[in-house]
Structure formats: structure tokens, C-alpha cells
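For reference, positions follow the sequence shown, starting with 1. The figures here come from the full heavy-atom set of this structure, side chains too, leaving out hydrogens, waters and symmetry mates.
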Amino acid sequence: MKPKEFTLAELNPPQREAVEYGDGPLLVLAGAGSGKTRVITYRIAHFVCRRRVDPGSIMAVTFTNKAAGEMRDRIKKLLGGDVAQRIWIGTFHALCLRILKREVSQDFSIYDEEESKRCIKECQRELGVDEKTLKVDRLAYRIEGAKHELIDADAYQNMAVDFISRQVGKVYALYQKKMERNHAYDFGDLIMGTVKRLQTQPAVQEKYRRQFRYLLVDEYQDINHSQYVFIRLLAGESGNLTVVGDDDQSIYQFRGADLRNILEFERDYPQAKVIKLEQNYRSTQNILAAASEVVKNNRGRKEKTLWSENPPGLPLQYFRAENEAEEAEYVVKQIIQDVYDRGLRRLNDCVVLYRTNAQSRPFEDALRRAHIRYRIVGGMKFYDRMEIKDILAYLKVLVNPADELSLERIVNVPPRGLGFQTMQKIKDMASQRGLTVLEAMSAAGRGEGDFGERIRLAAASFSQLLAELENGMHQGDLAKGVALVIHHTGYLDMWQKAPRDEGAPRLENLSELIEAADEYAHTGDQSVKGFLEQIALVSSWDEHEGDAQDQVTLMTLHSAKGLEFPLVAMVGMEEGLFPHSNALQDEKGLAEERRLCYVGITRAKDRLMLTGTATRSSFGNRIYNTESRFLHEIPARLFTGGTPLHHQKARKAEEARGLWRGEKYADAIDEVTPDSSWDEEGQAEEGMDVFRVGQRVRHAKYGAGTIVGRVGEGEDLKVEVAFTHFGRKLMMVRFAALQPVKGKC
């Protein structure tokens with residue numbers, strides 16, 4: 001069937017140049033909103049219609065199935081369905097699967113993430129690898145990372161140099177044996193298996209090189225090493241390779257993406273043509289100017305300047321709230337004014353973007369109070385998260401000891417020797433005697449029933465724990481009661497000991513739950529029952545059927561890539577949160593945070609709000625935050641009013657007079673006289689109150705600092721710490737895990 005004719009009239013000059021470029025490697029640097037998908041689809045159409053290229057010799061690679069579907073639909077409109085069907089369009093995984101199905105003689109299964117983790121857990125148990133030391137999520141992450149780097153199980157074991165990597169290597173080796181025995185591939189195997197065949201079977205490599213004369217890769221800045229090698233093997237020496245991407249939007253380093261692939265494309269292909277797409281069709285000029293001013297502070301990027309024929313548009317808004325609740329109320333109020341008062345847009349035109357999932361909670365609560373529907377993208381709703389449900393289950397058992405379902409959820413979380421079989425025996429005893437399960441457990445703890453000493457002690461310990469928690473909850477402070485449950489049950493300690501990438505987000509969510517309890521208590525009700533009822537009613541309202549299409553969107557900045565919204569609220573613009581503290585250890589991490597900020601800003605079409613808080617709750621501590629450096633990289637002329645902002649003037653004044661009440665404690669950490677109350681090991685003498693003004697301390701997240709103030713005593717002691725890189729924060733000593741420091745920090 002002859003392809004349909006099409007016109008290039010709607011393309012701008014750089015887009016048209018990219019579409020009509022001939023053979024050889026081509027790098028299209030496509031800024032945000034510059035029409036990169038249009039370029040790829042029209043270039044494919046140009047190959048087929050104008051240059052008479054066989055559609056079956058074209059491969060177009062995307063990063064998501066959604067992007068692949070959109071690309072196929074556009075090509076169908078340009079060329080017709082029959083022609084589009086012959087072009088290989090899909091994700092790396094889908095295209096590699098298609099090749100493997102041709103090359104592997106036997107049928108095989110594809111394991112999804114859940115099935116893969118189940119298999120890894122079986123291997124872990126068979127090998128006796130401690131599940132507390134190495135959780136299955138951590139194992140899966142390590143194995144997946146190895147496959148991204150094309151490191152097989154044998155090579156991984158040979159490279160292992162410490163205890164953890166040797167344990168991972170053992171599990172990896174057995175896992176692959178099981179996968180082979182089951183004739184199964186996981187997602188990493190699809191790419192690595194294809195690459196290995198292309199590398200080790202010259203005839204197979206030559207076959208696919210001959211077939212795919214033209215390769216086009218979207219989002220090239222996000223590819224990992226295995227994907228890079230796959231493309232290099234197929235492109236061969238002829239290099240009829242078109243890659244489209246934007247180094248300023250590379251934000252997936254944690255998934256293995258290697259920015260060097262796009263930055264060094266011209267080194268890989270010295271004869272490459274580079275075309276820049278800099279005209280933005282999405283955003284106003286003010287929004288584009290703000291994005292450009294932020295990202296230009298990164299070094300080693302490919303220079304480009306976004307511009308638009310759109311009008312300047314509204315200036316940016318900045319609001320610094322006192323706390324999270326006030327920040328959320330402000331954002332929701334602005335949405336209400338635009339949607340309901342002014343009728344300027346619908347709810348689904350509005351998005352709230354945050355750095356971490358834990359930040360969603362106050363916005364969810366504010367939207368519920370306003371009876372505004374919302375949806376969470378890229379994460380669970382706050383009260384649906386595992387760690388939140390666990391603590392709520394503890395609270396439910398304290399309120400209603402007969403709640404067997406809640407009891408079963410938490411009786412062995414953290415592990416305390418009350419597993420399934422033990423609980424089944426206790427439940428049988430409860431049934432025989434007409435007791436609740438908790439009553440039977442208490443009886444078992446007293447030595448009643450046919451239980452061994454280990455079970456008796458575990459049952460007695462748990463019964464005592466609940467009694468202590470119940471007594472603590474009756475003290476009248478709801479937030480402190482919730483904090484007590486999190487701490488005293490061992491739940492906090494469990495996640496503090498977990499791998500950082502798994503434990504840190506859960507700890508942030510637990511901190512948010514304490515803050516939610518504190519906010520509820522300000523209604524005048526300090527009861528656990530009332531708090532639980534409010535959450536239950538909120539969940540019930542969420543399930544009410546209605547127009548699910550018209551709702552505010554809540555999502556992380558990472559999830560927002562590729563999307564656009566008329567109104568964008570970027571929240572939590574504070575040092576340590578955005579940019580995140582984890583990224584501040586090196587320039588590479590900060591550069592990715594800055595690119596993430598660039599991505600967030602360029603999601604906005606018409607209106608951009610930037611918000612932050614002066615204080616933020618962290619495990620009962622009220623943390624003082626300085627404003628994000630990204631705010632100060634945006635010229636004041638782009639904000640409402642067109643004059644230097646208050647926060648910018650205040651910052652300069654603070655720098656001029658010196659921080660921390662006139663004394664530069666943070667800069668003088670090494671100059672403090674050693675404390676005479678320390679022994680030679682650097683430990684405080686028994687009974688000494690080391691957390692006093694002037695004492696140097698270290699925090700796992702914020703690093704070195706000096707105590708500049710304190711309030712309260714005993715378990716209620718709070719100290720104000722001036723940290724070197726994160727400013728001044730008020731912390732409750734009981735939860736903050738501060739370490740007094742002797743000598744140089």
C-alpha cells in the first residue's frame with residue numbers, strides 16, 4: 001500500500017532541518033516543550049514517503065508504553081495503519097523481547113517485579129541469607145543494577161569485596177539458576193540477554209544490523225549502560241542513528257541513567273550532526289526565563305536557550321508559609337480562586353509537585369477539608385502506605401482490643417517471636433476459653449496454656465508493651481502518644497536500621513503522621529478515637545463515585561516528566577528538601593536536583609507558584625529551614641511585584657550581619673575548646689548533660705553543627721542546632737539521634 005502524502009509546513013526551521021537530514025548520526029537537542037515527538041514521527045514519515053525507506057527497516061525506541069502508543073498513533077495519521085504496523089516501535093524491553101522470541105527456540109515466561117522479588121526471597125531463604133540484614137527490595141535493586149551494567153552473576157561474585165556484596169552475589173547466582181530452570185526472564189534479562197546474543201553471535205548481530213538501517217531513540221539522556229550498548233551494537237559503523245533528548249532533563253540517575261551518553265554522543269560519532277530545538281510551544285516567557293536561569297548554573301551542560309512566541313504571561317508567585325499546614329492551605333486557596341471564583345480553569349488543570357512522597361499528606365488533608373477531589377500519581381495516598389497503616393493498626397488495637405484484624409497486622413511487626421504458628425495456637429486458646437485474642441495472649445504470658453518458655457516471654461512482653469502504650473496515650477498529648485507508639489514498639493528503630501533508600505521515605509512518612517496527629521489535636525480533640533474516626537471518614541469520602549476526571553493532581557517531580565499543566569504549584573522549596581539533603585554531598589547530585597527543578601518549572605503553561613515553609617515537622621521536632629538555593633537563582637524581576645523579594649533582601653542582610661544571633665557558630669565548629677567532661681574515648685561521662693549551648697554535635701542527615709539554644713528537660717528536651725550546611729533546626733533530643741562530638745567535626 002502506498003504511504004499517504006504529508007506536508008512539513010507546520011514545522012519550524014530547526015524541526016524541518018532535523019526531519020530532512022540525511023544518513024549518518026544525528027543528535028537533536030530538544031528543550032522542554034519544543035516538539036521532539038513531532039520531529040521523530042515526521043522524520044520517520046520522511047524516510048518512508050520521500051526517501052522510500054522500507055518501514056520494516058526502521059526501529060523507534062521510547063521509554064514508556066504510553067509514549068510508544070502515542071508515537072504509533074501519530075505515524076498512523078501520517079502514513080496509514082498498514083505502514084505504521086511494519087515499523088518497530090516500542091520500549092527497550094518490548095523490542096528486546098521481540099528479538100528474543102525470534103532467537104530463543106523454547107517458550108519462556110516474563111516475571112514482573114512482584115514475581116521476581118518472590119523468586120529472590122526463595123533464594124534468600126534457601127541460602128540462609130538474613131532477611132533483616134538484606135531485605136528483598138535491596139537485593140532486587142542490587143541485582144537489577146548489575147544487569148543494567150551488563151554484569152552477570154559470575155562476574156558479580158568475582159567483583160564482590162565485602163560481606164554484603166558477597167551475599168548479594170550468592171543470591172544473584174541462585175536466582176539466575178532458578179530463572180533458567182523456570183525458562184523465565186525478568187525485565188533486566190530482556191535487555192542483557194539480547195545484548196549478550198548480539199555480542200557473542202556475530203551472525204545474529206549482522207542479521208539485525210542489516211534489518212534496521214535506521215534507528216531513532218527518544219529520551220536519550222535517560223538510557224543506562226545496557227541500553228546504550230544495545231543501540232551501539234545495532235547502529236554499527238554506518239551510524240544511521242537519530243537520538244533525541246535534553247541533557248537538562250536527565251533526572252533518573254537513581255535508575256541507572258548515565259548523562260554521559262548524550263553529552264559524549266559526538267565523541268562516539270565524530271561525524272554527528274547536532275541540531276537544537278529551542279522554541280518552546282508550552283510555557284509563557286516568564287516561566288521559561290525562570291527555568292533557564294536555574295539550569296544555567298550547572299556546569300558541563302550543552303548550551304541552549306529556550307524561547308517562545310507566547311506572551312510574557314503572569315509573574316511567578318512565591319509564598320513562604322510558617323508550616324506545612326499553612327503552605328497547603330495557601331495552595332488550595334489559590335486553586336479554589338482560579339477554578340471556582342474566577343472560572344479560569346478546571347481542577348484537572350492544576351498540579352502540586354513535591355520532592356518526596358511524604359509531602360503529599362498536608363495537601364491531601366487540605367483538599368479533603370475543601371471537598372476537592374484529587375489523585376496521587378506515582379505513589380499511594382498517604383493513609384494507604386504500609387508504614388502508616390501499621391501505626392494506625394497499633395492505635396486501633398489500643399482503642400479496641402477486640403480488633404483482631406489490626407492485631408494480626410502488627411503483633412509481629414517488628415518481629416518479636418509471635419509469628420503465624422504461634423498466633424494460631426493463641427487464637428485456638430482464645431476460642432476454647434471464650435476470650436479475645438489479646439486476653440488469651442495475656443493468659444499465655446502468665447504461664448497458662450501449653451506454651452513453651454520462649455512463647456510465654458514473647459506474649460508477656462507484648463502484653464506489657466500494649467499496657468505501657470495505653471498508659472502513654474492517656475497522658476493527653478495526641479502527637480506525643482503517636483510518637484511514643486512509633487518509638488516504643490521498635491518500629492522507628494526497624495526503619496532506621498533499614499537500607500537508606502528503603503528506610504528514609506518511610507521515616508519521612510512516619511514523621512508526617514505525627515504532624516497529622518498534632519494538627520488534629522488543634523481542633524480541641526486529643527483522643528485517639530477521634531483521630532482514627534477522622535481518617536476513616538476521609539477514606540470513605542475518597543471512595544465516593546463521581547467525576548473522577550476533574551480532580552487536582554498530586555505527584556512527585558520525578559513523576560511529572562513529560563506532562564504539562566496550566567497551573568503548577570512547586571512546594572517545599574527549602575534547603576535539605578529541594579535540593580534534597582541526600583544530593584548535597586557532591587556536585588553531581590546537586591546538578592541532578594537542579595535539572596529536576598528545571599523539569600518542574602517547565603511543566604507550567606500559564607501560572608507557576610513556588611512555596612516553602614519556615615518550619616517543618618520531623619519526628620516531633622520543629623525544624624527551621626532556609627529557602628532553597630533555586631529560589632535565589634531566579635531573578636526577582638520574574639516574581640510578582642517585579643522588585644527584590646523579601647526573602648532575597650532578608651538573606652543578604654543575614655549574611656551581612658552573620659548568622660545565628662550574631663555569632664557564626666556553624667563556621668566556628670573547629671574552634672570550640674574541647675569539653676572537659678569527655679573521657680578519652682570521646683564519650684560523655686555518666687549522668688552529664690552534654691546537650692548544652694555551645695556543644696558541638698553531629699546528625700546523620702544534617703552533618704556537623706553547634707547547639708545554640710535549648711528548651712525543656714528530660715525526655716522533653718529540645719535543642720536548637722546551627723548546622724554548617726543546613727541552617728538552624730529545632731530538634732527533640734529523644735528522637736533526633738544527635739551525637740556529641742569531641743575535637744574536630
Neighbour count >12 (heavy atoms, 6.0 Å) for atom CD, Glu113
no

First locate atom CG of Leu259, then atom NZ of Lys302, and finally report the distance between them rounded to the nearest 0.5 Å.
10.0 Å

Counting N and O atoms only, with roles assigned by atom type, does the side chain of Ser292 sit under 3.5 Å from a partner on the main chain of Thr305, one being a donor and the other an acceptor?
no

Going by the salt bridge (charged side-chain N to carboxylate O under 4.0 Å, His left out) test, name the single residue among Lys178, Lys117, Lys147 that passes it with Asp186.
Lys147

Where Phe265 and Ala272 come nearest, the two heavy atoms and their spacing:
CE2-CB, 3.7 Å

Name the one of Lys276, Lys296, Lys304, Arg595 that satisfies salt bridge (charged side-chain N to carboxylate O under 4.0 Å, His left out) with Asp248?
Lys304

Out of curiosity, Thr242 OG1 to Asp23 CG, how far, rounded to the nearest 0.5 Å?
9.5 Å

Side chains of Asp222 and Ser250: closer than 4.5 Å at any heavy-atom pair?
yes

To the nearest 0.5 angstrom, please state how far the CD atom of Glu278 sits from the CD atom of Glu303.
8.5 Å

State, with a plain yes or no, whether a side-chain heavy atom of Arg197 is found less than 4.5 Å away from one of Leu100.
yes

side-chain contact (heavy atoms from CB on, under 4.5 Å) for Tyr354 and Thr556? Distances and angles first, verdict last.
CA-CA 5 Å; Tyr354 37 77; Thr556 64; 3.8 Å; yes

May I have the step-by-step check of side-chain hydrogen bond (donor to acceptor under 3.5 Å, both in side chains) for Glu219 and Gln221, ending in yes or no?
CA-CA 5 Å; Glu219 305 287 8; Gln221 77 279 351; 2.7 Å; yes

Ignoring hydrogens and angles, tell me if any N or O in the side chain of Arg43 forms a donor-acceptor pair with the backbone of Ala18 under 3.5 Å.
yes

What I want to find out is whether Asp349 reaches Lys605 closely enough, with some N-O distance under 4.0 Å, to be called a salt bridge.
no

If you round to the nearest 0.5 Å, how far is CG of Leu596 from CZ of Phe630?
8.0 Å

Give the C-alpha distance, both sets of side-chain angles, the deciding distance and a yes or no for side-chain contact (heavy atoms from CB on, under 4.5 Å) between Met71 and Thr41.
CA-CA 7 Å; Met71 186 178 293; Thr41 54; 3.8 Å; yes

Within the 4.5 Å heavy-atom criterion, are Asp246 and Lys36 side-chain neighbours or not?
no

Check for a donor-acceptor pair, side chain of Asn297 on one end and backbone N or O of Val294 on the other, with a separation under 3.5 Å.
yes

Quick one: sort the Tyr252 and His558 rings into parallel, tilted or perpendicular, breaks at 30° and 60°.
tilted

Quick check against the 3.5 Å criterion: does Arg74 have a side-chain atom that pairs as donor or acceptor with the backbone of Glu70?
no

Side-chain heavy atoms of Cys350 within contact of Asp338, under 4.5 Å:
no

Atom CD of residue position Glu587 - does it have more than 12 heavy atoms of other residues, nucleotides or ligands inside 6.0 Å?
no

Let's go through Leu557 and Val599 carefully: what are the C-alpha distance in whole Å and the side-chain angles of both, what is the deciding distance for side-chain contact (heavy atoms from CB on, under 4.5 Å) to 0.1 Å, and is it a yes or a no?
CA-CA 8 Å; Leu557 285 149; Val599 167; over 6 Å; no

Short side-chain to backbone donor-acceptor contact, Gln359 and Thr356, under 3.5 Å:
yes

Taking every heavy atom of Thr602 against every heavy atom of Arg282, the minimum-distance pair comes out as O-NH1, 2.7 Å

Got a second to check how far Leu215's CG is from Met59's CE, nearest 0.5 Å?
6.0 Å

Treating Asn280 as the side-chain partner and Ala32 as the backbone partner, does any N or O pair qualify as donor plus acceptor under 3.5 Å?
yes

Side-chain donor/acceptor of Gln285 to backbone N/O of Asn310, under 3.5 Å
yes

Between Tyr269 and Arg232, is there a cation-pi geometry (under 6.0 Å to ring centre, at most 45° from the normal)?
yes

For Arg299, look at atom CZ and say whether over 12 heavy atoms of other residues, nucleotides or ligands are found less than 6.0 Å away.
no

Quick one: pull up CZ in Phe363 and OH in Tyr374 and give me the separation to the nearest 0.5 Å.
12.5 Å

Can you confirm whether Gln227 sits close enough to Val61 that some side-chain heavy atom of one is under 4.5 Å from a side-chain heavy atom of the other?
no

Taking the inter-plane angle between the rings of Tyr214 and Phe47 on a 0 to 90° scale, is it parallel (under 30°), tilted (30 to 60°) or perpendicular (over 60°)?
tilted

I'd like to know if the side chain of Asp247 reaches the main chain of Leu263, judged simply by a donor and an acceptor atom lying under 3.5 Å from each other, with no hydrogens or angles considered.
no

So which heavy atom on Leu353 is nearest to which on Arg603, and how close?
CD1-CG, 4.3 Å

Is the backbone of Thr640 close enough, under 3.5 Å, to the side chain of Gln317 for a donor and an acceptor to pair up by distance?
no

If I compare all heavy atoms of Leu233 with all of Arg209, which pair ends up nearest, and what's the gap?
O-NE, 2.6 Å

Once you measure the plane-to-plane angle for Tyr172 and Tyr156, does it fall in the parallel (<30°), tilted (30-60°) or perpendicular (>60°) bin?
perpendicular

Could you go step by step and tell me if Tyr42 and Glu10 meet the side-chain hydrogen bond (donor to acceptor under 3.5 Å, both in side chains) rule?
CA-CA 11 Å; Tyr42 271 84; Glu10 63 181 58; 3.2 Å; yes

Option among Arg86, Arg210, Arg213 that satisfies the salt bridge (charged side-chain N to carboxylate O under 4.0 Å, His left out) test with Asp54
Arg86

Between Arg16 and Glu20, does at least one N-O distance fall below 4.0 Å, as a salt bridge requires?
yes

In plain terms, say whether Glu144 and Arg142 are close enough for a salt bridge, that is, a side-chain N and a carboxylate O under 4.0 Å apart.
no

Heavy atoms only: give me the nearest His46-Val19 pair and the separation to one decimal.
CD2-O, 3.4 Å

Return yes if some donor-acceptor pair links the side-chain N/O of Asn240 with the main-chain N/O of Gly24 below 3.5 Å, else return no.
yes

Flag side-chain contact, heavy atom, 4.5 Å: Leu314 against Asp606
no

Close side-chain approach of Arg629 and Arg594, heavy atoms under 4.5 Å
yes

Under the side-chain hydrogen bond (donor to acceptor under 3.5 Å, both in side chains) criterion, do Asn224 and Ser226 qualify, and how do the steps go?
CA-CA 6 Å; Asn224 61 38; Ser226 64; 2.8 Å; yes

Is the shortest side-chain heavy-atom distance between Val352 and Leu367 below 4.5 Å?
no

Scanning both residues in full, the closest heavy-atom pair of Ala68 with Gly90 reads CB-CA, 3.9 Å

Start with the C-alpha distance between Ile223 and Asp258, add both sets of side-chain angles, then the distance that settles side-chain contact (heavy atoms from CB on, under 4.5 Å), and finish with yes or no.
CA-CA 6 Å; Ile223 68 172; Asp258 191 341; over 6 Å; no

